[in-house]
Amino acid sequence: MTIAVSASIATDHLMRFPGKFSDVLLADQLQHVSLSFLVDDLVIRRGGVAGNIAYAMGLLRRDPLLVGAVGADFGDYRNWLEGNGVDCSGVRISQTAHTARFVCTTDETMAQIASFYPGAMSEARDISIADLAENHTLDLVLVGANDPDAMVRHTRQCRELGIAFAADPSQQLARLDSEQALDLIDGAAYLFTNEYEWGLLLQKTGLTPEEIGRRVGIRVTTLGAKGVVIVDPDGVEVNVEVVPELSKVDPTGVGDAFRAGFLTGHTGGLSLERSAQLGSLIAVLVLETVGTQEWTLDREQALERIGAAYGAEAATDIAALLS
């Protein structure tokens, strides 16, 4: 059985500003803003929502299927992912556009200012989940931030084919109207948002939490340093705290890492609580690393950190999945 990850594939250009954006952003002058930040460094990394999630699932031995559109410059990235357990046969190669670019500057408080160039990502709408299902037994399709038309098409195809899907609209929520937002979440086995996105989803749809709960299966809302809250189909809440970090290096991709760990755990038979604990461990490994795919997984150390954060029983339960 396969988890397909349909979302953006991009190259990250990550910079660090040795100060606070809040010190130079003047509230009464925002309509005239024209700023240039002198940064300390530039790191170019592989990224994108689908790339990050698939990489993490690959390290967790979940054999994910990467679904997205890239440029002819994807060769080295493909070799990297395939070398780390990712099936790239669902990737479309554009003949005209470059792979998408994410350009992000992070200040000393972990605040970020970023831009995203879609490039080849716009061709993801031409990928058919129905065609992929002919050659793969799809257990679940995660539909994450991507070309909006691709997100809508892949979600509808999952419903039509009876394939379980996880809705993770994240960054694209801001540009979706109410009808589009509802279309992307209706019937989802999982709904992922962070705390801000959850509020935005409620505002855009005009629905109550209970009404959204009747449209989806499991609702997962990440709360940053406060952990995560999960609501099951019966309305029962599960709260899980974060794994304490050894350092805060870069928050880029932390949410993607959590989703990879959570879905690997839950589709692998772990409870919601244990799945969130595994997701939190993968998230903190990314937080402690510059670059969303530069971290590695040492299973013995991972279980030690899970045990220290959640207890020996949690480590024992999760150990079976990491063996």
Side-chain angles (χ1 to χ4, degrees), residues 5 7-18 39-64 66 68 70-71 73-88 91 98-108 110-117 142 144-145 170-171 222 224-225 242-264 278-306 322:
V5 184
S8 62
I9 304 169
T11 300
D12 292 344
H13 295 242
L14 308 176
M15 293 163 281
R16 183 169 299 280
F17 174 59
V39 297
D40 278 351
D41 54 13
L42 166 65
V43 179
I44 300 176
R45 304 291 189 192
R46 307 168 187 90
V49 172
N52 296 339
I53 293 176
Y55 172 78
M57 286 184 174
L59 292 191
L60 290 166
R61 301 173 183 171
R62 194 58 178 82
D63 301 322
L66 182 65
V70 300
D73 54 342
F74 183 63
D76 289 342
Y77 196 166
R78 177 193 291 272
N79 293 337
W80 166 259
L81 290 173
E82 290 179 341
N84 285 286
V86 178
D87 181 351
C88 293
V91 173
H98 291 292
T99 301
R101 297 284 190 275
F102 174 66
V103 181
C104 181
T105 303
T106 303
D107 75 3
E108 63 183 23
M110 296 288 122
Q112 295 182 312
I113 295 177
S115 298
F116 188 84
Y117 160 72
L142 183 145
S170 58
Q171 301 100 318
T222 56
V242 299
V243 174
E245 74 274 1
L246 301 179
S247 62
K248 289 184 179 180
V249 177
D250 194 321
T252 308
V254 168
D256 299 335
F258 175 84
R259 287 150 174 74
F262 179 87
L263 288 175
T264 295
L278 176 59
S280 297
L281 182 278
I282 303 304
V284 81
L285 294 178
V286 173
L287 178 64
E288 295 167 352
T289 308
V290 175
T292 56
Q293 298 176 33
E294 304 306 313
W295 60 280
T296 58
L297 183 65
D298 182 303
R299 281 160 173 76
E300 183 176 342
Q301 291 180 3
L303 292 173
E304 287 179 359
R305 294 187 70 173
I306 288 172
L322 295 184

J.: Can you tell me how far OG1 of Thr264 sits from CG of Asp63, rounded to the nearest 0.5 angstrom?
T.: 10.0 Å
J.: What pairs with Thr106 under side-chain hydrogen bond (donor to acceptor under 3.5 Å, both in side chains), at least two apart in sequence or on another chain?
T.: Gln112
J.: Heavy atoms only: give me the nearest Pro251-Met110 pair and the separation to one decimal.
T.: CD-SD, 3.4 Å
J.: Show the nearest heavy-atom pair for residues Ser280 and Phe258, with the distance to one decimal.
T.: N-CD1, 3.6 Å
J.: Is it the case that over 12 heavy atoms from other parts of the model lie below 6.0 angstrom from the CG atom of Asp40?
T.: yes
J.: Taking all heavy atoms of Phe74 and all of Leu81, pick out the closest pair and write down the distance.
T.: CZ-CD1, 4.2 Å
J.: Can you measure from CD (Gln301) to CD1 (Ile306) and round to the nearest 0.5 angstrom?
T.: 12.0 Å
J.: How far does CZ of Arg16 sit from CG of Asp41, to the nearest 0.5 angstrom?
T.: 6.5 Å
J.: Over all heavy atoms of both residues, which pair between Trp295 and Ala56 is shortest? Give the atoms and the distance, please.
T.: CZ2-CB, 3.6 Å
J.: Do Leu60 and Leu297 make a side-chain contact, defined as non-hydrogen atoms from C-beta onward lying under 4.5 Å apart?
T.: yes
J.: For Ala10 versus Thr99, what's the shortest heavy-atom pair and its separation?
T.: CA-CG2, 4.0 Å
J.: Identify every side-chain donor-acceptor pair in residues 286-293 under 3.5 Å, counting partners at least two apart or on other chains, and give the distances.
T.:
{"residue": "Glu288", "atom": "OE1", "partner": "Arg305", "partner atom": "NH1", "Å": "3.0"}
{"residue": "Glu288", "atom": "OE2", "partner": "Leu246", "partner atom": "N", "Å": "2.7"}
{"residue": "Glu288", "atom": "OE2", "partner": "Arg305", "partner atom": "NH1", "Å": "3.4"}
{"residue": "Glu288", "atom": "OE2", "partner": "Arg305", "partner atom": "NH2", "Å": "2.7"}
{"residue": "Thr289", "atom": "OG1", "partner": "Leu285", "partner atom": "O", "Å": "2.8"}
{"residue": "Thr292", "atom": "OG1", "partner": "Arg46", "partner atom": "O", "Å": "3.0"}
{"residue": "Thr292", "atom": "OG1", "partner": "Asn52", "partner atom": "OD1", "Å": "2.6"}
{"residue": "Gln293", "atom": "OE1", "partner": "Trp80", "partner atom": "NE1", "Å": "3.1"}
{"residue": "Gln293", "atom": "NE2", "partner": "Gly51", "partner atom": "O", "Å": "3.4"}
{"residue": "Gln293", "atom": "NE2", "partner": "Asn52", "partner atom": "OD1", "Å": "3.2"}
{"residue": "Gln293", "atom": "NE2", "partner": "Tyr77", "partner atom": "OH", "Å": "2.7"}

J.: Looking at residues at least two apart in the chain, or sitting in another chain, which of them share a side-chain hydrogen bond (donor to acceptor under 3.5 Å, both in side chains) with Asp12?
T.: none
J.: Got more than 12 heavy atoms from elsewhere within 6.0 Å of NE2, His13?
T.: yes
J.: Measure across Ser170 and Ala145 and return the closest heavy-atom pair with its distance rounded to 0.1 Å.
T.: OG-CB, 3.4 Å
J.: I need the Ile282 CD1 to Leu59 CG distance, nearest 0.5 Å.
T.: 8.0 Å
J.: Could you give the distance from CD1 (Ile113) to CE (Met15), rounded to the nearest 0.5 Å?
T.: 10.5 Å
J.: Could you grab the distance from atom OG1 of Thr296 to atom CZ of Arg299, nearest 0.5 Å is fine?
T.: 10.0 Å
